Amino acid sequence: MIITIGGLAGSGTTTAAKILSENLNIPFVSAGDIFRQMAAEKGMDVLEFSKLAENDINIDTEIDHRQSEMAKKSKDLIVEGRLSAYFVDADVKVWMIAPFDVRSERISQRESKPVETVKKEIRIREDSEALRYKEIHDIDINNLDVYDLILNTSSFQANSVAEIIAKVTKVI
């Protein structure tokens with residue numbers, strides 16, 4: 001089974017994908033990990049690399065390509081990334097949401113940064129990403145029509161989110 005899990009920063013996609021991967025014994029790959037790895041290869045932080053990616057479509061297309069190829073070669077895989085549902089032929093496509101303040105607090109705790117700093121960084125990053133997605137792929141990140149399940153993660157613990165997704169995969 002191929003599952004994509006997408007959502008904005010701090011919505012819990014990586015945590016849920018890791019738990020789901022362990023619970024279902026299915027490997028997972030993260031677009032964010034690929035992006036961060038590519039940023040590190042260039043000696044940049046994520047914000048700097050996001051700005052670079054605005055003017056270099058090869059960065060996004062490489063991420064999309066790597067994920068798509070991995071999914072094509074796999075019988076079972078969880079692919080985590082904002083645009084994964086658009087480039088991976090998946091059995092189940094999940095989008096996770098959470099209020100901005102909840103996402104900001106989660107990232108603040110994860111990265112040990114002040115919440116106000118995180119809020120500014122999220123806005124810069126999300127504006128940059130939305131611009132790139134529209135310009136490069138003509139994808140409106142706010143159009144959720146491609147997804148089978150849209151889940152508000154602010155109401156659930158990560159284990160429960162993974163359990164909900166697992167139950168949905170059994171009925172689809």
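Note: hydrogens, waters and symmetry copies are ignored here, and every other heavy atom, side chains too, is used. In this text, all values refer to a predicted model and were calculated from it rather than measured experimentally.
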Between [atom1] on residue [X] and [atom2] on residue [Y], distance to nearest 0.5 Å:
X	Y	atom1	atom2	value
I2	T169	CD1	OG1	12.0 Å
D60	I57	CG	CD1	9.0 Å
S11	I5	OG	CD1	10.0 Å
D148	L144	CG	CG	12.0 Å
E69	H65	CD	NE2	4.5 Å
K18	I78	NZ	CD1	12.5 Å

[Y] and [X], any side-chain heavy atoms less than 4.5 Å apart:
X	Y	value
L77	V29	yes
E129	I141	no
F28	L20	no
I139	L83	yes
I19	N159	yes
I165	L149	yes

Residues I34, M38; criterion side chain to side chain contact (heavy atoms under 4.5 Å, CB included); working and verdict: CA-CA 6 Å; I34 295 170; M38 292 170 69; 3.8 Å; yes
Expected list for residues 115-123: side-chain donor-acceptor pairs under 3.5 angstrom, two or more places apart:
{"residue": "K119", "atom": "NZ", "partner": "D101", "partner atom": "OD1", "Å": "3.1"}
{"residue": "E121", "atom": "OE1", "partner": "K113", "partner atom": "NZ", "Å": "2.8"}
{"residue": "E121", "atom": "OE2", "partner": "K113", "partner atom": "NZ", "Å": "3.2"}

Specify the closest pair of heavy atoms between [X] and [Y], including all atoms of both residues, with the distance to one decimal.
X	Y	value
I26	D76	CG2-C, 3.5 Å
A31	I63	CB-CG2, 3.9 Å
S50	S128	O-OG, 3.3 Å
S108	P114	OG-C, 3.9 Å
V79	S84	CG1-OG, 3.5 Å
F156	L151	CE1-CD1, 3.9 Å

Any donor-acceptor pair under 3.5 Å from Q67 side chain to D64 backbone: no
Run the side chain to side chain contact (heavy atoms under 4.5 Å, CB included) test against [X] and tell me which residues pass, sequence neighbours left out.
X	result
K51	E54, I124
D56	N58, I59
A39	F49

So the ring pair (Phe, Tyr, Trp, His ring centres under 6.0 Å) pairs with at least one residue in residues 109-140 (sequence neighbours excluded) are F87-H137
Is the number of heavy atoms from other residues, nucleotides or ligands within 6.0 Å of [atom1] ([X]) greater than 12?
X	atom1	answer
K134	NZ	yes
N25	CG	no
N152	CG	yes
M70	CE	no
E111	CD	yes

Is I136 linked to L52 within one hydrophobic cluster, defined over Ile, Leu, Val, Met, Phe, Trp and Tyr using a side-chain heavy-atom separation of less than 4.5 Å? no
Could you see if I107 belongs to whatever hydrophobic cluster contains V46? Use Ile, Leu, Val, Met, Phe, Trp, Tyr and a side-chain cutoff under 4.5 Å. no
Restricting to pairs with a member in residues 28-41, which pass side-chain hydrogen bond (donor to acceptor under 3.5 Å, both in side chains), not counting sequence neighbours? S30-E80, D33-R36
Does L24 form a side chain to side chain contact (heavy atoms under 4.5 Å, CB included) with I3? I'd like the steps, not just the answer. CA-CA 11 Å; L24 298 179; I3 302 167; 4.2 Å; yes
Is there a donor-acceptor contact under 3.5 Å linking the side chains of T14 and R110? no
Passes side chain to side chain contact (heavy atoms under 4.5 Å, CB included), R103 versus L8? Steps please. CA-CA 8 Å; R103 297 186 302 115; L8 297 177; 3.2 Å; yes
Over 60° means perpendicular and under 30° means parallel, so classify the ring planes of W95 and Y147, tilted if in between. tilted
What I want to find out is whether E62 reaches R66 closely enough, with some N-O distance under 4.0 Å, to be called a salt bridge. yes
